[in-house]
Amino acid sequence: MTSQYQLDSLLQKCTSLISMKQLQAHLITTGKFQFHPSRAKLLELCSISPAGDLSFAGQIFRRIQTPSTNDWNAVLRGLAQSPEPMQALSWYRAMSRSPQKVDALTCSFALKGCARALAFSEATQIHSQLLRFGFEADILLLTTLLDVYAKTGDLDAAHKVFDNMQKRDIASWNAMISGLAQGSQPNEAIALFNRMKEEGWRPNEVTVLGALSACSQLGALKHGQIIHAYVADEKLDTNVIVCNAVIDMYAKCGFVDEAYSVFVSMTCKKSLVTWNTMIMALAMNGDGHQALELLDKMVVDGVDPDAVSYLGALCACNHAGLVEEGVKLFDMMKGCGVKLNVKHYGSVVDLLGRAGRIKEAFDIINSMPMLPDVVLWQSLLGASKIHGNVEVAEMASRKLVEMGSNNCGDFVLLSNVYASQQRWCDVGRVREAMKIRDVRKVPGFSYTEIDCRIHKFVNGDQSHPSSKEIYAKLDEMKFRIKAYRYSAETNLVLHDIGEEDKENALNYHSEKLAVAYGLISTGDGTPIQVIKNLRICVDCHAVIKIISIVYNREIIVRDRARFHRFKEGVCSCRDYW
């Protein structure tokens with residue numbers, strides 16, 4: 001007669017679906033199937049094992065005369081991590097109607113299904129049920145709940161669950177920090193990381209990944225350096241994923257040399273992601289030649305580049321203006337069987353378009369095996385604006401409208417193309433179209449880090465405690481840059497207002513406010529760092545170049561596309577956009 005120990009041993013040896021079926025047959029023939037505790041373990045193995053089969057688990061379940069809570073949970077767990085997690089919620093509802101009682105694990109698995117399906121409404125229902133069932137003291141369950149709220153975008157609900165927890169474990173802190181970092185509150189993620197340490201907790205690998213992600217978004221270098229020091233002290237840098245996050249943090253803060261230093265000094269084995277992160281870091285910072293050298297070194301070191309590696313190298317050529325190198329790389333990729341996607345085509349179209357080779361860019365679009373996306377047509381529209389190609393600009397604009405794009409920037413670009421040709425009637429037509437389509441500009445905002453504090457500015461912001469001093473500095477900046485023959489790019493302002501009002505609208509852009517605050521808050525010669533959620537506008541780009549001369553400051557601006565490092569009146573992008 002087979003003992004419980006022997007059955008558990010057989011379960012551990014089930015590495016294929018055939019062996020699972022054989023064990024089921026054994027339980028049936030020995031009369032143990034309806035009563036033996038190993039049945040639930042077999043169900044779970046079939047549900048979650050890579051060698052298992054959820055449909056077979058369902059067949060086993062249907063043969064059970066009186067399924068236990070563990071039987072229900074075994075299948076529920078598999079459904080929650082399956083490609084169709086909504087099925088887990090249907091299973092949970094069916095279980096709720098059965099004679100078997102729902103336990104904390106049942107709610108936890110159902111909530112995991114909600115997290116993967118982004119099912120906010122169902123999560124709130126389970127939340128109310130778990131309170132009714134008396135599970136509010138279960139740390140694991142509440143951690144899963146706050147994770148669902150964070151992933152479905154309700155950070156306030158997630159924070160409320162976190163704050164009301166009677167006890168927390170490291171996973172609770174990690175879920176909340178990651179939720180804030182991946183949501184819209186990276187500043188709060190850093191604050192919670194600091195609070196966690198103050199309360200005596202020791203952050204682990206998962207914790208620092210969340211905190212480093214927040215630093216990357218905000219360009220919070222000082223905080224990032226503190227976390228990096230903690231990583232080194234706690235020997236967390238033996239984890240390649242943590243090292244990748246540190247590299248990414250330094251790169252997105254604009255300090256690519258520090259990123260490269262971490263890359264070359266890694267004691268753990270570099271992964272494909274490590275190489276790709278470093279190549280993209282160099283690309284963002286305009287170090288095109290070094291990115292291409294790293295791609296070659298990657299191959300020499302025995303790591304095969306993937307589609308992401310090549311995309312990073314193409315972006316590096318784009319940002320550095322390496323047109324011939326980029327075209328050569330693209331042709332090589334097509335010849336050696338790299339699976340190209342729309343982003344590869346988009347990068348080379350942008351490269352050729354900005355170099356004035358618009359016909360070649362258009363030919364590449366026509367040769368694509370997939371449909372061009374909105375970003376690709378926006379790249380062509382941008383290139384047409386740079387080179388004053390009205391015909392292609394109109395064609396790209398029509399394509400964008402056909403694809404349903406309602407982006408304010410698209411209309412502004414087309415209007416600027418017409419304005420450059422003095423086609424004022426067409427400029428008016430574009431403005432009228434914007435009114436009819438109710439096109440709204442995405443609000444611009446900028447961050448800057450001063451003394452380990454993140455300061456956020458929106459266009460025309462007067463909410464900052466130092467607002468009076470900031471606006472006084474803006475007036476001083478405006479006066480001093482006029483000596484360098486600066487003329488405001490008022491054609492960028494499409495509002496029907498006077499020239500003076502247009503100049504004021506440009507003068508109070510968020511990146512200018514952030515730079516002004518940096519000037520009044522840091523000592524002479526200190527670099528100023530700004531993160532912008534959109535592309536830096538042409539006027540701000542021109543102004544900051546002059547400010548870098550007037551105030552003898554290096555100013556680093558990371559916009560949506562790349563880094564702009566302003567020093568002595570020159571930008572690292574070489575105005576290549």
Side-chain angles (χ1 to χ4, degrees), residues 184-187 217-220 378 382 385 406-413 415-416 419 430-431 434-435 437-450 453-482 486-521 528-548 555-564 566 571 577:
S184 57
Q185 299 179 21
N187 207 348
Q217 294 175 60
L218 295 169
Q378 287 171 336
K385 182 260 179 184
N406 215 32
N407 187 298
C408 176
D410 302 342
F411 289 89
V412 173
L413 284 172
S415 175
N416 289 344
V430 172
R431 293 181 182 182
M434 292 178 71
K435 290 179 184 176
R437 295 172 65 88
D438 193 28
V439 175
R440 299 177 186 272
K441 191 175 187 296
V442 176
F445 60 82
S446 298
Y447 292 107
T448 189
E449 182 188 36
I450 306 292
R453 286 192 60 194
I454 304 298
H455 301 264
K456 181 180 178 179
F457 298 91
V458 298
N459 293 349
D461 199 342
Q462 296 189 26
S463 62
H464 196 278
S466 302
S467 182
K468 185 176 179 181
E469 294 83 355
I470 291 169
Y471 277 81
K473 179 58 78 172
L474 281 173
D475 290 339
E476 177 191 302
M477 288 159 51
K478 185 178 177 181
F479 174 77
R480 293 187 67 177
I481 64 177
K482 283 187 176 178
Y486 160 73
S487 178
E489 299 271 357
T490 54
N491 65 306
L492 298 171
V493 183
L494 296 188
H495 301 297
D496 190 15
I497 54 179
E499 285 297 305
E500 186 176 346
D501 289 332
K502 287 183 178 181
E503 284 194 30
N504 286 335
L506 290 170
N507 196 41
Y508 303 143
H509 276 188
S510 64
E511 54 265 60
K512 292 193 181 92
L513 292 168
V515 169
Y517 184 63
L519 289 171
I520 65 175
S521 304
I528 297 170
Q529 187 183 5
V530 176
I531 306 296
K532 176 77 186 282
N533 69 319
L534 306 173
R535 283 183 184 267
I536 184 173
C537 85
V538 175
D539 185 76
C540 289
H541 193 274
V543 166
I544 295 173
K545 280 204 296 184
I546 301 171
I547 289 172
S548 70
I555 302 171
I556 305 162
V557 179
R558 188 187 94 199
D559 69 9
R560 190 180 64 188
R562 57 161 299 144
F563 276 93
H564 300 268
F566 300 90
C571 178
W577 48 279

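Basis for what follows: all heavy atoms, side chains included, without hydrogens, waters or symmetry-related copies.
- Contact annotation: the side chain of Val515 approaches that of Val530 to within less than 4.5 Å [non-hydrogen atoms, C-beta and beyond].
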*Passes side-chain contact (heavy atoms from CB on, under 4.5 Å), Tyr517 versus Lys473? Steps please.*
CA-CA 8 Å; Tyr517 184 63; Lys473 179 58 78 172; over 6 Å; no
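- Put simply, the side chain of Val543 reaches to within 4.5 Å of the side chain of Lys512, judged on heavy atoms.
- The backbone N or O of His509 lies less than 3.5 Å from no partner atom in the side chain of Asp461, so there is not a single donor-acceptor pair.
- Across all their heavy atoms, Glu511 and Ser446 have their closest contact at N-OG, 3.3 Å.
- Side-chain atoms of Arg480 do not come within 3.5 Å of backbone N or O of Ile547 as any donor-acceptor pair.
- Considering all non-hydrogen atoms of both residues, Ile450 and Ser521 come closest at CG2-CB, 3.8 Å.
- Counting heavy atoms from C-beta on, the side chains of Thr448 and Ile531 never come closer than 4.5 Å.
- By the 4.5 Å heavy-atom criterion applied to side chains, Tyr447 and Lys532 are not counted as neighbours.
- Annotation for Ile536 and Ile544: closest pair CD1-CD1, 4.0 Å, computed over non-hydrogen atoms.
- Both the sub-6.0 Å distance and the 45° axial angle are satisfied by Lys456 relative to the ring of Phe445.
- Within the 4.5 Å cutoff, no side-chain heavy atoms of Arg560 are placed close to those of Asn533.
- Counting heavy atoms from C-beta outward, Asp559 and Leu534 have side chains that stay 4.5 Å or more apart.
- Between Phe563 and Val557 the shortest side-chain heavy-atom distance does not fall below 4.5 Å.
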